[in-house]
Amino acid sequence: MSSLLRLATAGSVDDGKSTLVGRLLYDTKSVLADQLDAVTRASVDKGLSTPDLSLLVDGLRSEREQGITIDVAYRYFATPKRSFVLADTPGHVQYTRNTVTGASTAQLAVLLVDARKGVIEQTRRHAAVLALLGVPQLVLAVNKIDLVDYDEATFTVIAEEFASHAETLGYARGSVLTIPVSALEGDNVATRSERTPWYRGPSLLEHLEDVPVAPDPHDSALRFPVQYVIRPRTAEYLDYRGYAGQIAAGTVRPGDEIVVLPQGIRSRVERIDTADGPLAEAGAGTSVTLLLADDIDISRGDLIAAADAPPQVTDEITGTLCWLSSKPLKAGARVLVKHGTRTVQALVGDLHARFDEQALSSVDSPASLELNDIGLVTLRLAEELGVDDYGVSPRTGAFLVIDPKDGDTLAAGLVGERFS
Amino acid sequence: MTTLEPATDAAQDNLAALESEAIHIFREVAGEFDRPVILFSGGKDSTLLLHLAIKAFWPAPVPFPLLHVDTGHNFDEVIEFRDRVVERHGLRLVVAKVQDWIDDGRLEERADGMRNPLQTTPLLDTISENKFDAVFGGGRRDEERARAKERIFSLRNAFGQWEPRRQRPELWNLYNGRHRPGEQVRVFPLSNWTEADVWNYIAREKVELPSIYYAHRREVYLRDGMLLAEGPWGGPRPGEEVRELTVRYRTVGDGSCTGAIESEAATVEDVIAEVSASRLTERGATRADDRMSEAAMEDRKREGYF
């Protein structure tokens, strides 16, 4: 069992995400007396008779003024079984990019709908974004179930409609759980509610504690983007030359045959160093320093990969972009692509398709991609990169598209076609 | 975080993951920026930050200087610790003294004597004088609601200001550090750490901290519900009775607004047990600067504070 679950919330504005997150924090006793005092005081000031739990999480002045969430917040809570890092994301259409931010590292997403409204446009959009990013587990929380008198039939209609939508997006039925919830009243959040006797599943928290988390891709081939060259040049370490980085995929052991990309030079791992001493083996997610058998010219931006299973080396990426900027994307634009530890210049080639997440269909050859659009695009690169398909190796299949003028992040990029 | 138990195996894995993430962040900055600096006050979070930086570049030296914005309201033990650590690791320390800004009229002493809010101007001036383009801070998202909204790479405009509505999306572990001349990026390697993680990691790594984090006898007086020590920040005022108590500090900042708590916790293990039983947050208990308004931290960050 993994000790840590990274999860993200998603859903439309006013579905009660902040209240749900506040409720989770409150019911797991992750709220201390002074924080609760502050919320109680603020709630009384607003004329409320019970503490407004959303105030625990809506930390910005303008969020509290408007009663909406504007930006992603990260929350930490723990139960005896597991620790959680929760990305609490805004639901407003304008801020879908923050849903992408929260979901890019999530192992599970809790998508909220309002029981009175059911599956709406924003639900379908968020589900599509979660599928695009490959978030492996989904929970649909049918919130405000108290406002439909805890009605089973209402719940079942929503659950069925969502399950078939999720299935179209590639989610097997077993990877989606639908729970009737009242974040305000606490029904089925930490404990199962007596007011929904027809619901036989776990509470949200029970599910979060028990859901299996897909392991890091240890059994995939080694991918190690070189971050920084460690050259002490001190008397004690005069000839030391180590390549520092975080293992993006796979496992490394001394003796492993490797290839350095994009140059294509082969060598062998001699030692895996850390400040605490050398390691016999290191897996994905670990920051280490590799020493190689041969003295070759390697610098930041190069990729060390398993010699027998290298990624594709290419100067052209066809990938799915999630466009996060209000500046539209057009063919011919000059952008930067950040992949692993390398940033290269790129020219936008053909815009092949725009994905319509409502109709689950695609529009061929769009003139541009606008804010929140998802599209399939070819990028011509000034330098070669070693890339994997995002579905095979997310860390080496992901990239950023950056505006060379002001440095803004324009898009989340995923190598390969993610929707057909 | 509330549950602060001695770390289990699973929690040790979690600490290893947090360490790897922080090291990755340090190396990204070293690879992408020209003039990074680590904010270092000698407190537990910045001491941890330095410990992780040393591990990130071992066996090479840390390739950045340290910056201390010195309010002049320091605890002697902390300054002694700061200088000893700098010396031991052969680091370069830049000190920006708030007193210098007051002396030449660029800042005015506040009526309440608190100097913590006065740190912003010396910080921004020193960043721009030294052309620092990346500034590491020990801020954690679990400390405070506004900090929970902070990105790991947080772009600040040429005035050092934070604009929460215009934060860049932060995707996977691909940090975008691009900035225009004059802009800077604040970097928070401890973003995903909780107070529990910090103390468990300090225990695991046997990180030395200033002695005032552990129980000791000290003369203190009560003001606004906080136990303040005598110092250059003034006090006790008439009517404030001085008592010698066994205390320790949970956070260490400017002496005018950092209070001690009564405590017998003399070791890291004692501290872990004590904090786990506490019903008050780290800052809520002993930091007057966060109590000034509902959105005190956000407002200061918008001005350029960490």
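Heavy atoms only: backbone and side chains are in, while hydrogens, waters and symmetry mates are out. Per chain, numbering begins at 1; letters A, B, ... match sequence-line order.
With rounding to the nearest 0.5 Å, the separation of CG in B:Leu52 from OG in A:Ser287 is 10.5 Å. Going from atom CD of A:Gln246 over to atom CD1 of B:Ile25 covers 8.5 Å, rounded to the nearest 0.5 Å. Rounded to the nearest 0.5 Å, atoms CG (A:Leu4) and CG (B:Leu18) are 7.5 Å apart.
Contacts with chain A were tallied for B:Glu28, B:Glu205, B:Arg178, B:His179; B:Glu28 has the most, counting heavy-atom pairs under 4.5 Å. Between chain B and the options A:Asp403, A:Val229, A:Val288, the largest number of non-hydrogen pairs under 4.5 Å is found for A:Val288. When each of B:Pro59, B:Ser191, B:Pro169 is scored by its heavy-atom pairs under 4.5 Å with chain A, the top score falls to B:Pro59. No other option in A:Arg231, A:Lys405, A:Arg395 has as many heavy-atom pairs under 4.5 Å with chain B as A:Arg395. Counting heavy-atom pairs closer than 4.5 Å to chain A, the top-ranked of the candidates B:Glu21, B:Arg180, B:Glu19, B:Arg151 is B:Arg151. Among the candidates A:Thr105, A:Leu400, A:Leu336, A:Thr343, the residue making the largest number of heavy-atom pairs closer than 4.5 Å to chain B is A:Leu400.
Contacts of A:Tyr237 with chain B are made by side-chain atoms alone, with heavy-atom separations under 4.5 Å and no backbone atom involved. Heavy atoms closer than 4.5 Å to chain A are found in the backbone of B:Ala56, but not in its side chain. Residue B:Ala30 touches chain A through both its backbone and its side chain, counting heavy-atom pairs closer than 4.5 Å.
Between A:Tyr76 and B:Thr194 the shortest heavy-atom distance is CB-CG2, 3.6 Å. In this structure, A:Ala73 and B:Lys149 approach most closely via the heavy-atom pair CB-CE, 3.7 Å.
Counting heavy atoms of neighbouring residues, nucleotides and ligands inside a 6.0 Å radius, atom CD of A:Glu281 exceeds 12 of them. More than 12 heavy atoms of other residues, nucleotides or ligands lie within 6.0 Å of CZ in B:Phe132, so this atom counts as buried by the packing criterion. Shown here is A:Asp45, whose CG atom has more than 12 heavy atoms of other residues, nucleotides or ligands within 6.0 Å.
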Start with the C-alpha gap between B:Trp58 and A:Thr289, add the side-chain angles, then the distance that decides, and say whether side chain to side chain contact (heavy atoms under 4.5 Å, CB included) holds. CA-CA 9 Å; B:Trp58 179 91; A:Thr289 301; over 6 Å; no
As a quick check of understanding, evaluate side chain to side chain contact (heavy atoms under 4.5 Å, CB included) for A:Thr341 and B:Glu32, giving each step before the final call. CA-CA 9 Å; A:Thr341 54; B:Glu32 298 239 311; over 6 Å; no
Trace of the side chain to side chain contact (heavy atoms under 4.5 Å, CB included) decision for B:Leu171 with A:Leu324: CA-CA 11 Å; B:Leu171 305 155; A:Leu324 307 174; 3.9 Å; yes
Could you walk me through whether B:Glu170 and A:Val72 pass the side chain to side chain contact (heavy atoms under 4.5 Å, CB included) check? CA-CA 10 Å; B:Glu170 200 151 84; A:Val72 184; over 6 Å; no
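Within the 3.5 Å criterion, the main-chain N or O of B:His24 finds a donor-acceptor partner in the side chain of A:Gln227. At distances below 3.5 Å, at least one donor-acceptor pair connects side-chain atoms of A:Lys338 with backbone N or O atoms of B:Tyr175. A donor-acceptor distance shorter than 3.5 angstrom exists from the side chain of B:Asn176 to the backbone of A:Gly407, with no hydrogens or angles considered. Side-chain N or O atoms of A:Ser104 include one that pairs as donor or acceptor with a backbone N or O of B:Trp172 at under 3.5 Å.
Cation-pi geometry between B:Arg27 and A:Tyr228 is not met at under 6.0 angstrom from the ring centre and within 45 degrees of the axis.
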